[in-house]
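To start, the structure itself, in structure tokens.
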Amino acid sequence: MDVSPLMRVPAEVRMIIYAYLFDDGGNKQLKIQNAGAGKLPKTDDRVRSRYYMLERSFHRRCYETTYRLETEGVSFCASIMRVNKKIYEETAYLIYGTHTFDFGCHIEAVEPFLSDLTPPSRQLIREISLYKRGPVPPYDNDRGEWRNVCRFLQEHGSIKKLRLILQGGRPSSAWEGRQEFTAEDLKLLFDIKHESLDWVGELTRLKGIQELEVLPDIHYCPPPQSTNMIIFAALSASIERGLTEFLKMQLIVA
């Protein structure tokens with residue numbers, strides 16, 4: 001059986017060659033997003049899972065899509081990974097073991113993207129970034145998608161570092177009621193299974209998290225007129241302090 005000329009050179013030299021073929025342009029975060037409606041690739045030399053999702057608009061149209069890499073300045077020669085098993089193993093780490101995979105609010109892409117990888121490649125991914133939408137109107141609730149991604153990662157992930165961006169609301173004027181929650185307050189809400197923290201219950205399915213980064217994405221919202229909106233406003237004000245502490249209490253492996 002003929003041996004590829006590439007396999008005849010020393011491993012150290014192959015690593016140098018791979019570095020040119022898999023140029024991330026200095027980006028340590030790779031953005032994986034859903035292709036938009038009507039933007040499925042016409043041809044693809046690699047089979048990618050396709051899935052259906054609802055358009056996040058007034059029309060709520062259902063369409064078929066797939067995931068794609070959206071980070072600018074990245075040039076990966078993925079075709080070389082199909083030459084043989086040895087080359088695949090040597091190059092997989094350069095992609096999956098040295099980058100954070102940022103799915104943002106495109107959490108529907110998590111399961112198909114990871115499912116398309118071989119189990120060893122999937123185990124190389126140690127860092128991901130997710131965006132959690134607000135749980136109440138006028139925000140676009142992602143309860144079903146969030147549940148699915150957390151349960152998939154519970155079974156198939158090996159994530160050690162999680163970067164979590166939380167959508168919050170800052171009322172345009174002062175409101176009556178609780179202004180902010182402590183970690184102890186949130187633990188009580190969680191223990192009584194308040195619906196505002198249902199998403200945390202799903203998140204705690206992820207085992208083995210060793211590092212958690214929580215960032216706020218705050219938008220202005222109308223003054224709260226209901227109990228749920230008052231809780232949401234206070235919860236949003238707690239993201240950088242009480243909520244971060246509470247999430248670390250629930251997730252971080254000692």
Side-chain angles (χ1 to χ4, degrees), residues 1-36 38-53 64-131 148-149 151-163 206 208-211:
M1 182 177 180
D2 292 338
V3 178
S4 167
L6 182 60
M7 302 309 297
R8 299 193 187 107
V9 303
E12 295 81 2
V13 177
R14 290 202 300 275
M15 293 301 112
I16 296 173
I17 295 172
Y18 297 150
Y20 282 99
L21 295 177
F22 293 86
D23 181 11
D24 62 13
N27 296 289
K28 293 307 175 185
Q29 283 195 3
L30 300 180
K31 295 181 180 180
I32 305 296
Q33 299 182 1
N34 303 314
K39 294 184 179 180
L40 276 174
K42 294 181 179 179
T43 60
D44 194 346
D45 59 359
R46 174 180 178 275
V47 176
R48 297 186 187 186
S49 293
R50 296 189 176 193
Y51 47 96
Y52 289 91
M53 59 178 294
E64 186 181 30
T65 188
T66 189
Y67 57 85
R68 62 184 183 183
L69 176 65
E70 290 288 353
T71 306
E72 295 183 359
V74 173
S75 177
F76 289 162
C77 183
S79 58
I80 196 175
M81 299 177 75
R82 294 192 292 274
V83 171
N84 60 44
K85 183 178 180 181
K86 181 66 174 177
I87 291 178
Y88 181 91
E89 291 173 348
E90 290 180 343
T91 56
Y93 179 77
L94 294 177
I95 300 177
Y96 306 117
T98 62
H99 296 95
T100 298
F101 285 83
D102 181 7
F103 294 93
C105 61
H106 299 252
I107 59 176
E108 302 90 349
V110 173
E111 181 173 347
F113 173 75
L114 294 178
S115 295
D116 284 347
L117 301 180
T118 64
S121 293
R122 194 159 55 233
Q123 293 298 312
L124 291 172
I125 297 179
R126 299 294 179 162
E127 300 182 17
I128 66 170
S129 178
L130 301 174
Y131 185 96
N148 292 339
V149 71
R151 296 186 181 190
F152 178 83
L153 291 174
Q154 175 192 13
E155 297 293 331
H156 304 284
S158 57
I159 308 304
K160 299 302 180 185
K161 179 178 178 180
L162 175 63
R163 182 172 180 263
L206 277 64
I209 300 295
Q210 297 175 352
E211 186 176 348

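Under the 4.5 Å side-chain criterion, counting only non-hydrogen atoms from C-beta, E111 is not in contact with H156. Looking at heavy atoms from C-beta onward, F76 lies out of side-chain contact with T91 at the 4.5 angstrom threshold. A 4.5 Å side-chain heavy-atom check between I16 and Y20 finds at least one atom pair inside the cut-off. Y131 has its side chain out of reach of D102: every pair of non-hydrogen atoms, C-beta onward, lies at least 4.5 Å apart. Annotation: side chain of I95 is in contact with side chain of M81 (closest heavy-atom distance under 4.5 Å).
Note on ring orientation: taking the six-membered ring where Trp is involved, the planes of F113 and F101 are tilted (angle from 30° to 60°).
Between Y88 and S121, the closest heavy-atom pair is OH-OG, 2.7 Å. Looking at every heavy atom in both residues, T100 comes nearest to S129 through CG2-N, 4.2 Å. Contact record, S49 with T66: O-OG1, 2.7 Å, taken as the closest heavy-atom pair. Residues V9 and L6 approach most closely at CG2-O, 3.0 Å, considering heavy atoms.
Between I159 atom CD1 and L153 atom CG the span is 6.0 Å, to the nearest 0.5 Å. In this structure, L130 CG and L206 CG are separated by 8.5 Å, a value rounded to the nearest 0.5 Å. From D23, atom CG reaches atom SG of C77 across 12.0 Å, with rounding to the nearest 0.5 Å. Between atom CG of residue L114 and atom CD of residue Q123 there is a gap of 10.0 Å, rounded to the nearest 0.5 Å. Rounded to the nearest 0.5 angstrom, K86 NZ and M7 CE are separated by 6.0 Å. In this structure, the separation between OH on Y67 and NE2 on H106 is 15.5 Å, given to the nearest 0.5 Å.
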Please tabulate, for side-chain N and O atoms in residues 26-33, each donor-acceptor pair with protein atoms closer than 3.5 Å (sequence neighbours left out).
| from | atom 1 | to | atom 2 | distance (Å) |
| --- | --- | --- | --- | --- |
| N27 | ND2 | D24 | O | 2.8 |
| N27 | ND2 | E72 | O | 3.2 |
| K28 | NZ | D24 | OD2 | 3.3 |

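R122 places a side-chain N or O within donor-acceptor distance of the main-chain N or O of L117, the cut-off being under 3.5 Å.
Using modelled atom types, one finds no donor on one side chain facing an acceptor on the other under 3.5 Å when comparing E108 with Y51.
In this structure R126 satisfies the salt bridge (Lys or Arg N to Asp or Glu O under 4.0 Å) test with no other residue, sequence neighbours excluded.
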